[in-house]
Amino acid sequence: MPIKSSAAAPLLLFGATLMIFKFKTASNLASSSSSSSSSSSSSSSSSTKFSYSNYNDTSTVSQKTTHRLHKLVASTNTKFTTICDDSLNNLMKRWNSAVASLINELTKGSAREPDALDIATIKLHEILLKYQEPTRHYHKLAHLVEMFEYIDALSALSKNPTPITLVFATFFHDLIYDGKEKNNEELSADEFLDFFEDFTLALESEPDAGAETAIRDEVENLIMMTKSHDVGKSEDELLKIFIDADMAVLGKSWDAYKVYAAAIREEYRHVGDVDFCQKRKEFLENTLEGGGKVFATEEMIEGLEERARENMEREIDLLGIYLESVVQ
């Protein structure tokens, strides 16, 4: 098929930059590791420093999961900081496949779109580097890998193929992430809109107006919904899958949950321990007391809801222990 021939271009063009990405990734990971070691050393020198690793209680947490999600949850319990080459290649293939499908949907099977493909290749390179910024500790490429694993699993359970809007929303939803700012979602959505505009303008064939509007609006909406994650009453199954995949970390094993919580703490290192613990505790309490479910899809509610709530309750207890010790 002509499209398949055109779609090979991103892989060829990307080959020249992949080694640069891997070098920068390795440098960032080394820097991150050094920074974490320094932070750890600093924390241990003062008993007033808050650290999730200081609390190793032995109480048990429910391991209940549905049979269909158990293997997935078990396989993703500890991946937060690094990804293997296979995972990186899978991200690249997923992007290129989505781009080829996007061309098909917009142009109804245009034979060649080299300029649009070049734009998509350059954007993928930017995305991969962006998710490896040294200030990121949880919202990294590993988060994207895990989200896609949950999205694939939930899509398979619903017997629906993963639509390209879900793929693009996942790649872009945390593209801009700064713990000091409150408009990350808006800026991430803008990044997608800018890319989408450049991509459609570069098409040699006139894009289908209806398809263009529908895809653009749906991806933007998905990204913006990660600001509140409040989709409990929604009837949009695609939105529910997307938000549940983003929130899935809450239902991991307790040890993995603590790694996640500690990574979030690092992303808010600019906030003092007391302020962070107070605000984090308040956020978790409000989430649990809101009356709704943590997850939206039936599969995630059945499999991970109980454990997610137990994890958050335990974190609230740990935050409370620290705050009480500071007051005393």
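Fair warning: this is a prediction, and the values are worked out from it, not measured in the lab.
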I'd like to know if the side chain of Arg280 and the backbone of Phe283 have a donor-acceptor N/O pair within less than 3.5 Å. no

Spell out, yes or no, whether Met247 and Ile301 are grouped together once hydrophobic residues are joined by side-chain heavy atoms under 4.5 Å, including indirect joins. yes

Measuring from atom CG of Leu102 to atom CG of Leu203, what distance do you get when rounded to the nearest 0.5 angstrom? 7.5 Å

SB check Asp152 Arg94 (cutoff 4.0 Å): yes

CZ (Phe50) and OG (Ser325) are apart, to the nearest 0.5 Å, by 9.5 Å

Passes side chain to side chain contact (heavy atoms under 4.5 Å, CB included), Tyr150 versus Ile241? Steps please. CA-CA 8 Å; Tyr150 279 97; Ile241 288 175; over 6 Å; no

Backbone N or O of Lys182 within a donor-acceptor pair of the Lys227 side chain at under 3.5 Å? yes

Using only atom types and a distance under 3.5 Å, with no angle test, would you say the side chain of Glu113 pairs donor to acceptor with the backbone of Glu204? yes

Is the backbone N or O of Leu250 less than 3.5 Å from a side-chain atom of Arg307, with the two atoms forming a donor-acceptor pair by type? no

Looking at Glu220 and Ala189, what are the two nearest heavy atoms and their distance? CG-CB, 4.3 Å

Has the side chain of Lys240 got a donor or acceptor atom that lies under 3.5 Å from a matching backbone atom of Ser234? yes

Assigning hydrophobic clusters by single linkage (Ile, Leu, Val, Met, Phe, Trp, Tyr; side-chain heavy-atom cutoff under 4.5 Å), is Leu201 placed with Leu193? no

Donor-acceptor pair, Tyr131 side chain versus Leu175 backbone, under 3.5 Å? yes

Does the side chain of Val249 come within less than 4.5 Å of Lys252's, by heavy atoms? yes

hydrophobic_cluster_shared for Leu166 and Leu239, side chain cutoff 4.5 Å: yes

Is it true that a side-chain atom of Asn184 and a backbone atom of Asp178 form a donor plus acceptor pair closer than 3.5 Å? yes

Could you tell me whether the side chain of Ile127 reaches within less than 4.5 Å of the side chain of Gln132, counting heavy atoms only? no

Hey, mind stepping through Asn221 and Asp217 against side chain to side chain contact (heavy atoms under 4.5 Å, CB included) and telling me if it holds? CA-CA 6 Å; Asn221 178 61; Asp217 291 352; over 6 Å; no

Close aromatic pair by centroid cut-off 6.0 Å: His143 and His173: yes

Does Asp244 reach the main-chain N or O of Phe295 with its side chain, forming a donor-acceptor pair under 3.5 Å? no

Measure centre to centre between the rings of Phe148 and Phe171, then say whether the value is under 6.0 Å. yes

Roughly how far apart are Asp174 CG and Leu141 CG, rounded to 0.5 Å? 11.5 Å

Kindly indicate, with the supporting measurements, whether the criterion ring pair (Phe, Tyr, Trp, His ring centres under 6.0 Å) is fulfilled by Trp254 and Tyr260. CA-CA 10 Å; Trp254 173 241; Tyr260 145 74; over 10 Å; no

Could you tell me whether the side chain of Trp95 and the main chain of Val167 form a donor-acceptor pair under 3.5 Å? no

When you compare the side chain of Thr287 with that of Leu284, does any pair of heavy atoms fall below 4.5 Å? no

When you compare the side chain of Met147 with that of Phe242, does any pair of heavy atoms fall below 4.5 Å? yes

For a quick check under 3.5 Å, do Asp246 and Thr226 share a side-chain donor-acceptor pair by atom type? no

If you take all heavy atoms of Asp198 and Ile119, which pair is closest and at what distance? O-CD1, 3.4 Å

Distance (rounded to the nearest 0.5 Å) between Leu187 CG and Tyr177 OH: 13.5 Å

Side chain proximity check, Ile321 to Glu324, heavy atoms < 4.5 angstrom: no

ILVMFWY cluster, Met224 and Ile164 together (side-chain gap under 4.5 Å): no

Should Asp208 and Leu106 count as side-chain neighbours, where that means a heavy-atom distance under 4.5 Å? no

What one should report as the nearest heavy-atom pair of Leu304 and Ala248 is CD1-O, 4.4 Å

Run the numbers on Glu218 and Leu238 for side chain to side chain contact (heavy atoms under 4.5 Å, CB included), then give the verdict. CA-CA 10 Å; Glu218 184 169 4; Leu238 184 67; 2.5 Å; yes

Backbone of Met92 reached by a side-chain donor or acceptor of Asn96 within 3.5 Å: yes

After noting the C-alpha distance and the side-chain angles of Glu285 and Leu288, does the key distance pass the side chain to side chain contact (heavy atoms under 4.5 Å, CB included) rule? CA-CA 5 Å; Glu285 288 173 338; Leu288 290 175; over 6 Å; no

Side-chain heavy atoms under 4.5 angstrom apart, residues restricted to Ile, Leu, Val, Met, Phe, Trp, Tyr: same cluster for Val274 and Phe276? yes

If we count only N and O atoms by modelled type, under 3.5 Å, do the side chains of Tyr257 and Glu315 hold a donor and an acceptor together? yes

Which pair of heavy atoms, one from Tyr268 and one from Gly179, lies closest together, and at what distance? CE2-O, 3.2 Å

What is the distance from atom CZ of Arg136 to atom CD of Glu267, rounded to the nearest 0.5 Å? 7.5 Å

Taking all non-hydrogen atoms of both residues into account, name the closest pair between Ala263 and His137 and its distance. O-CB, 3.5 Å

Atom pair CG/CG of Leu319 and Asp273 - distance to nearest 0.5 Å: 10.5 Å

Decide yes or no for Ser188 and Phe172: does some side-chain heavy atom of the first lie under 4.5 Å from some side-chain heavy atom of the second? no

Do the non-hydrogen side-chain atoms of Ile176 and Lys130 ever get within less than 4.5 Å of each other? yes

Check the pair Glu306 / Arg309 against salt bridge (Lys or Arg N to Asp or Glu O under 4.0 Å), numbers first and verdict last. CA-CA 5 Å; Glu306 180 181 350; Arg309 288 182 170 277; over 6 Å; no

Do Phe196 and Phe168 have ring centroids that are under 6.0 Å from one another? no

